[in-house]
Amino acid sequence: MRICRLDNLDITLEKKGATRFDKVTYPIRYGRYHEIKSPEYLFEFNLNGEIKFIRGLKEGWLHPAEWIKRTDANDWVYYSTGAYNEVISFLGEYYRPCLPYPSNSPWQYDPLGGPEVEKALRAWSELQTKLRTVKQNGLPAPVVNALTAIAESDSKALAARSGQLRQIIGAPVSVLPPDCRHIDYEAIPLMIADGCLYQCGFCCIKTRQRFHPRSRENILGQIGRLKKFYGANLKNYNALFLGNHDALAAGGEIICMAAEEAWRVFDFQSAYIDNPTLFMFGSADSLLKADFGLFEALNRLPYYTYINIGLESADADTLLQLGKPLTPRKIKAAFETMIAVNRSCHKIEITANFLLGGSLPAAHLDALTGLIRDRFEKPYSKGAVYLSPFGTEKDKDRLLATFLELKNLSRLPVYIYLIQRLWAADDKV
Ligand code: SF4
């Protein structure tokens, strides 16, 4: 770690943050990062000099414990404390992300469009101008190099970097698994398959491609290019998202090959953050088709693996209304498989998504209650159920009240699924 002062700026390079993701009620930072403190703002940069977080330090900033974060897709997200109790009950986290794009959020708070955030972003741009012009005589070469990288990584350069990342993986990531909340969505995306099995009528994130796995060469090519892309900042990652909408359907051989190669090439063993994690989506069919050998193989990988399955509903009329071509019988069988795997594989956690919305048939809630309460004789902490707000434009208070009723009834952990993405399918690259 190097500390120096330049004009009215306190600069700390390679500052050490926490080494494992945690759920806390204050602005925690992970891994290693550069920090520049001006009288008004705290700016935090990744090891490539790219802005990551900005937090206001003076009166006039929205809240002393809130900040904005830039994602690898170059979106700014505002981290709101909301009311701590409320946020932790609904999301399982102490911060509620306010997103800059349309999502399924039942909350309407939008500080990103406000003057405080605009001012903070202007301050970052002014900082870059200052770093380009201020005399850096006498500063050691590593400090000058880091400050040059910070000054050069302006909004145009960062937009181009985001486009590069998307080109490397060759697909949009219009939704990340809800389990990524455990690592604040800091996963390296690696596409092992495109498309999905069902093309459900209600779904607004699908790519309209029929499912097909990527070749070994394609996956290895992505891994090599991703390593170069992340560069000096690679050591701040210890998590992998195997995309896209149904990576589980790609089968054990491809999944394990991709996870093992990524582990080796990205050298996750030496990451600045412990507890490596693997994330992917699956479907009812890919879960039912997977033999137990696949889960045993995943259980042997050096990651803790989360597999998120979109089940949506166990009621026939609701599935019909949603245009999801599955039967309640299959949904229930997939739910049972989820429970069986969660009980027998200590390093795998399968979670499930269901929809929640006033426009769905009443029988949907009865069927859901049958699964998350009546099915169990006692509470279980493994295998969360995420309820995705559906049709949130109407009666959000009623939706949140229904959520709390279900949460009280459930014998599995239940949270709201707030859809977060990297890039939408129609984003220009
Ligand atoms: S809900 Fe899942 S399976 Fe259905 S269309 Fe969307 S991505 Fe595909």
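Only a predicted model underlies this, so the values are computations on that prediction, with no experimental measurement involved. Note that ligands are numbered from 1 as they come in the structure, with each ligand's atoms numbered from 1 the same way.
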S.K.: Tell me whether the NZ or CZ atom of Arg181 lies within the 45° cone about the ring axis of Tyr386 and under 6.0 Å from its centre.
M.R.: no
S.K.: Can you check atom 6 (Fe) of ligand 1: any protein non-hydrogen atom closer than 4.0 Å?
M.R.: yes
S.K.: For atom 2 (Fe) of ligand 1, what is the nearest protein heavy atom, given as residue, atom name and distance?
M.R.: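 For atom 2 (Fe) of ligand 1, the nearest protein heavy atom comes out as Lys324 NZ, 4.6 Å.
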S.K.: Short list, please: which atoms of ligand 1 are under 4.0 Å from a heavy atom of Lys206?
M.R.: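 Those of ligand 1 that fall under 4.0 Å from Lys206 are 5 (S).
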S.K.: Think Arg375 forms a cation-pi with Phe335, using NZ or CZ under 6.0 Å from the six-ring centre and within 45 degrees of its axis?
M.R.: no
S.K.: Please determine if atom 8 (Fe) of ligand 1 has an N/O/S atom from His245 lying under 2.8 Å away.
M.R.: no
S.K.: May I ask you to check if Arg70 and Trp124 form a cation-pi contact, with NZ or CZ under 6.0 angstrom from the six-membered ring centre and within 45° of the axis?
M.R.: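 So Arg70 doesn't make the cation-pi contact.
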S.K.: For ligand 1, note which part of Cys196 has a heavy atom under 4.0 Å away: side chain, backbone, both or neither.
M.R.: side chain
S.K.: Quick check: does any side chain N or O of Lys206 sit under 3.5 Å from a backbone N or O of Cys196, one acting as donor and the other as acceptor?
M.R.: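 Such a contact is absent between Lys206 side chain and Cys196 backbone.
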S.K.: Which protein heavy atom lies closest to atom 4 (Fe) of ligand 1, and at what distance to 0.1 Å?
M.R.: Cys200 SG, 2.4 Å
S.K.: How about Lys37: does its NZ atom have over 12 heavy atoms from other parts shown lying under 6.0 Å from it?
M.R.: no
S.K.: With heavy atoms of Tyr198 as the reference, note each atom of ligand 1 found under 4.0 Å away.
M.R.: 3 (S)
S.K.: State the atoms of ligand 1, each with its element, that fall below the 4.0 Å cut-off from a heavy-atom position in Gln199.
M.R.: 5 (S)
S.K.: Report yes or no: is the cationic atom of Arg55 (NZ for Lys, CZ for Arg) closer than 6.0 Å to the six-membered ring centre of Tyr79, at no more than 45° off its axis?
M.R.: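 Not flagged: Arg55 not positioned over aromatic ring of Tyr79.
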